[in-house]
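Let me begin by presenting the structure, written as structure tokens, before commenting on it.
Both counts, for ligands and for their atoms, begin at 1 and track the order of listing. Quick note: numbers below take in every heavy atom, side chains included, and nothing from hydrogens, waters or symmetry partners.
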Amino acid sequence: MKDLLRIADLTADDLTVLLELAARVEENPAFAHDLLSHRIVPMYFAKPSTRTRLSTAAAVARLGGTPVTVGPDELQLRRGETIADTARVMGSYAAAIVIRTFADTDVQELASAAPIPVVNALTDGHHPLQAVADLLTVEERFGTLRGHRIAYVGDGGNVARSLMEAAALAGMDVAVATPPGYEPPDEAIRFTATEADRNGGGFTLTTDPAEAVKNAGVVYTDVWLSMGDPKEEQARRRKALAPYQVDEQLMTCARRDAVFMHCLPAHRGEEVTARVIDGGRSLAFRQAANRLTAAQAVLYALLTDRLRGRR
Ligand code: CP
Ligand code: NVA
């Protein structure tokens with residue numbers, strides 16, 4: 001498997017490989033420190049980013065390479081050069097490409113034309129690097145993934161999708177609560193149900209946050225308006241998603257030792273209250289720290305051809 005575009009392209013074994021590599025990186029951050037020596041990794045960001053941009057840059061540096069961040073205004077893409085031509089050219093200088101943009105089809109086109117690994121650093125549909133760091137964070141906290149319920153409450157967007165797909169591959173009990181009309185795509189629901197079942201976990205999709213959170217070891221949420229969502233939707237989303245705010249009351253429905261997770265950036269007072277995200281059960285900043293470890297593991301795995309993939 002050359003690229004990491006979405007979690008659903010991984011097998012359960014691939015996910016295990018990534019989590020094991022991440023554990024090795026955690027023990028020894030200098031692991032494979034010259035893998036990318038004298039190589040560059042272009043990082044194209046068409047949307048803002050704090051964590052992904054910097055953790056991936058740090059991961060490239062730890063592997064001995066040089067990250068080169070480029071925005072939409074800096075490449076000839078802006079002037080009509082095709083994605084395929086850009087990919088071919090980058091392939092002659094670079095070791096891998098990291099891309100954050102809007103349409104998944106653009107990232108697929110880039111990956112098809114690039115002779116080097118392409119890593120999805122967030123699209124409208126997926127956020128695979130986040131999901132790897134998230135499972136690493138849960139495993140770090142509870143020692144295992146299987147046997148724990150992870151409840152996602154809120155908008156069924158990119159973060160929800162990658163998280164539920166990864167948790168299903170890991171055999172967790174996945175529960176998702178969204179308002180009607182904000183569910184993850186059908187394809188993600190089918191994948192999660194099938195893989196959770198295959199790997200010894202479970203899957204619940206509901207409109208009731210309390211039902212999703214019941215017996216959960218992890219309660220997770222994300223912003224109500226994503227970077228790829230039209231601004232005009234803000235008011236409608238706030239209204240629909242208000243009953244899905246993660247507050248202390250909802251946390252009492254979860255297991256006594258339950259943790260709260262959020263990919264960040266967070267909007268306190270919208271999807272989560274300040275008391276929850278800044279409270280003792282919150283792992284949000286541990287997740288952010290684990291983004292570096294996860295990015296290093298993913299880059300290493302792709303560059304050394306450790307993942308089989310589904311196709
Ligand atoms: N969680 C996450 O991807 O954050 P950034 O948008 O800051 O990269
Ligand atoms: N769903 C959010 C995640 C940000 C990391 C977005 O796409 O804006």
List the closest protein heavy-atom neighbour of [atom]: residue, atom name, distance to the nearest 0.1 Å.
{"atom": "atom 7 (O) of ligand 2", "result": "N158 ND2, 2.8 Å"}
{"atom": "atom 8 (O) of ligand 2", "result": "M227 N, 2.8 Å"}
{"atom": "atom 2 (C) of ligand 2", "result": "S226 OG, 3.3 Å"}

Next on the checklist: Would you say the ring centers of F260 and Y220 fall short of 6.0 Å from each other?
Outcome noted: no
Contact with ligand 1 for [X], non-hydrogen, under 4.0 angstrom:
{"X": "L264", "result": "yes"}
{"X": "Q287", "result": "no"}
{"X": "H127", "result": "yes"}

Checklist entry - So, the side chain of D229 versus the backbone of S226: is there a donor-acceptor pair under 3.5 Å, distance only? => result yes
Checklist entry - Short question: side chain of S282, backbone of I277 - any donor-acceptor pair under 3.5 Å? => result yes
Item to check | Under 4.0 Å to a heavy atom of R291 - the qualifying atoms of ligand 1, by number | outcome: 1 (N), 2 (C), 3 (O)
Checklist outcome for this item: Note: L122, heavy atoms under 4.0 Å from ligand 2, region reported as side chain
Item to check | K47, portion touching ligand 1 at heavy-atom distance under 4.0 Å | outcome: neither
Checklist entry - Is the closest N or O pair between C263 and ligand 1 shorter than 3.5 Å? => result yes
Item to check | R53 N/O under 3.5 Å from ligand 1 N/O | outcome: no
Checklist entry - Using a distance-only test with no angle check, is there a side-chain donor-acceptor pair under 3.5 angstrom linking T293 and E26? => result yes
Checklist entry - salt bridge (charged side-chain N to carboxylate O under 4.0 Å, His left out) between R6 and E165: does it pass, once the steps are laid out? => result CA-CA 9 Å; R6 52 181 206 159; E165 291 174 346; 5.8 Å; no
Next on the checklist: For a salt bridge (charged side-chain N to carboxylate O under 4.0 Å, His left out) check, start with the C-alpha distance between R237 and E271, then their side-chain angles and the critical distance, and finish with the verdict.
Outcome noted: CA-CA 11 Å; R237 284 176 165 269; E271 75 275 5; over 6 Å; no
